[in-house]
Amino acid sequence: MLGSWEPIVTPKLWSQVQFEWERRRQKAGIKPGEAGTAPVNKYFLSGILRCNKCQRGLVGHRYRRKSGKVVHNYVCPPSERGGCGGTAIAAPTSDAAVEEAMSAFLRKQLHASKAGFNQSAETITALQARLDQELARKSELIHRCSEGPCARPS
Ligand SMILES: [Zn+2]
């Protein structure tokens with residue numbers, strides 16, 4: 001349903017983004033119907049984050065600790081499902097970091113579109129390249145944080 005508030009991105013751009021994410025999930029080895037592939041889900045980075053050891057797309061995974069606390073992670077699937085099983089990162093940390101990057105990115109685009117920015121196909125390709133860079137940078141930071149004391153980039 002379309003709202004009446006001022007759009008941040010056009011519906012056309014939004015559907016292209018959705019399509020792009022679905023394409024990346026499939027490219028990352030996530031089959032349609034596999035947990036975490038719905039466009040709206042708790043693990044919105046499933047198939048977007050990559051394992052730094054085998055490059056397989058990480059998938060959302062929840063488990064309950066002995067204490068009863070439920071933990072949400074992105075994990076590399078076991079070898080029988082195409083991964084190496086060697087990577088797990090905390091989902092809330094990853095989601096927050098990427099959400100922050102995304103909203104900063106969208107704010108910038110909103111600002112640019114108000115200045116008469118044209119969302120042409122070429123522009124969208126350029127935006128995707130920049131988004132790739134942003135995501136790569138973020139996931140590198142996340143990996144660094146998940147491997148030890150969180151070092152700030154200098
Ligand atoms: Zn892996």
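We count ligands from 1, going down the list as the structure has it; atoms in each ligand are counted the same way. Predicted model, so just to flag it, every value in this text is computed and none were measured. Computation of the quantities below employed the complete heavy-atom set of this structure, encompassing side-chain atoms and omitting hydrogens, waters and symmetry-equivalent molecules.
With values rounded to the nearest 0.5 angstrom, Gln55 atom CD is found 9.5 Å from Thr87 atom OG1.
For the pair Asn73/Tyr63, a side-chain contact is recorded, criterion being any heavy-atom separation below 4.5 Å from C-beta on.
Side-chain N or O atoms of Tyr74 include one that pairs as donor or acceptor with a backbone N or O of Leu45 at under 3.5 Å. Side-chain N or O atoms of Lys53 include none that pairs as donor or acceptor with a backbone N or O of Cys84 at under 3.5 Å.
Every pair tested for ring-ring contact (aromatic ring centres under 6.0 Å, His included) that includes a residue from residues 78-109 fails, sequence neighbours excluded, so the list is empty.
Neighbouring protein atoms of the Zn ion (ligand 1) (N, O or S, distance under 2.8 Å, waters ignored): Cys51 SG, Cys54 SG, Cys76 SG, Cys84 SG.
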- Item | CA sep, side-chain torsions, deciding dist, call: Phe44, Asp95, side chain to side chain contact (heavy atoms under 4.5 Å, CB included) | CA-CA 8 Å; Phe44 80 110; Asp95 289 352; 3.5 Å; yes
